[in-house]
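Order of listing sets the numbers, starting from 1, for every ligand and every atom in it. Side chains included, hydrogens not; waters and symmetry mates left out as well; all remaining heavy atoms used.
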Amino acid sequence: MVSKELIEMLNKAISLEIQVSIQYMWQHVRIYGFDHLAIAEELKKIGIEEMKHAESIAERVDYLGGIPTTNPAKITVGDTPQDMITNDMLAEEEGIAFYKEIIEKAMLEKDYVTKELFEEILSDEEDHHNVFRTLLEK
Ligand SMILES: [Fe+2]
Ligand SMILES: [Fe+2]
């Protein structure tokens, strides 16, 4: 149906999604201080969205005949709110660049469902990127 390389790329995407879902949830737990309550809630909300992304991609890998990975990519929580949100903005940038590659690859292989799935996820990642960038500009 699709190439091994595409399935490997989807598994790398699952690793990135599991990474950020844990990273954001643990930042939600560990972020302290004046005016960080709103940021903590936002991190929790985004963390849950990332877990849903991981699930959707895992279902796609299963359908395509692969075995979805359970391994997160490297989790970097950070110590200060500034470090945390900087790590998160970089993680979103990595995801955005990589998901564009997946969309291109899926198009080449005429896997239109994977392409559409990643277009939807990409749009969420741009929203997340925008949240983190706006926080850092404050
Ligand atoms: Fe995601
Ligand atoms: Fe994201």
Side-chain angles (χ1 to χ4, degrees):
M1 264 199 311
V2 300
S3 68
K4 272 208 169 78
E5 294 84 69
L6 181 54
I7 290 181
E8 274 170 26
M9 289 171 90
L10 298 182
N11 261 328
K12 188 183 162 192
I14 293 174
S15 292
L16 293 175
E17 295 293 349
I18 300 173
Q19 173 216 333
V20 288
S21 77
I22 299 169
Q23 185 168 310
Y24 300 167
M25 200 57 80
W26 262 228
Q27 290 170 338
H28 157 78
V29 170
R30 292 199 45 219
I31 201 161
Y32 299 114
F34 203 51
D35 105 334
H36 295 134
L37 267 185
I39 303 175
E41 277 314 299
E42 193 67 30
L43 285 164
K44 179 177 173 180
K45 197 186 100 201
I46 298 177
I48 291 168
E49 285 178 19
E50 307 296 18
M51 181 52 75
K52 289 180 181 167
H53 290 165
E55 184 211 7
S56 309
I57 304 166
E59 284 182 342
R60 189 72 194 143
V61 168
D62 180 68
Y63 174 75
L64 293 171
I67 297 170
T69 185
T70 56
N71 296 330
K74 190 172 187 315
I75 296 162
T76 44
V77 172
D79 291 319
T80 65
Q82 185 83 16
D83 285 350
M84 289 180 185
I85 304 303
T86 302
N87 291 341
D88 300 349
M89 191 181 74
L90 294 174
E92 294 295 333
E93 284 170 7
E94 185 185 358
I96 287 167
F98 186 55
Y99 295 172
K100 287 178 182 173
E101 285 178 34
I102 290 179
I103 291 167
E104 295 284 325
K105 178 90 173 147
M107 289 255 278
L108 279 174
E109 299 193 16
K110 299 191 191 311
D111 180 359
Y112 301 114
V113 176
T114 296
K115 171 189 168 275
E116 205 175 294
L117 172 65
F118 276 83
E119 282 172 346
E120 282 170 23
I121 295 176
L122 181 59
S123 158
D124 290 344
E125 309 306 7
E126 287 194 355
D127 287 345
H128 302 162
H129 182 253
N130 190 43
V131 169
F132 297 138
R133 195 176 53 184
T134 307
L135 286 171
L136 287 169
E137 277 167 1
K138 221 174 78 168

Apex the Fe ion (ligand 1); atoms His53 ND1 and Glu17 OE1; angle rounded to 10 degrees: 110°
With Gln23, the side chain to side chain contact (heavy atoms under 4.5 Å, CB included) member among Ile18, Leu43, Asp88, Ile46: Asp88
Side-chain donor/acceptor of Ser56 to backbone N/O of Lys52, under 3.5 Å: yes
Salt bridge (charged side-chain N to carboxylate O under 4.0 Å, His left out) assessment of Lys105 paired with Glu101: CA-CA 6 Å; Lys105 178 90 173 147; Glu101 285 178 34; over 6 Å; no
Test item: side-chain donor near acceptor, His53 and Glu50, under 3.5 Å: yes
Closest Glu125 atom to the Fe ion (ligand 1) [N, O or S only]: OE2
The Fe ion (ligand 2) contact by Glu49, N, O or S atom under 2.8 Å: no
Heteroatom N/O/S of Asp127 within less than 2.8 Å of the Fe ion (ligand 2): no
Residues Glu104, Lys100: salt bridge by 4.0 Å N-O rule: no
Angle, OE2 of Glu50 through the Fe ion (ligand 2) to ND1 of His128 - 10° precision: 90°
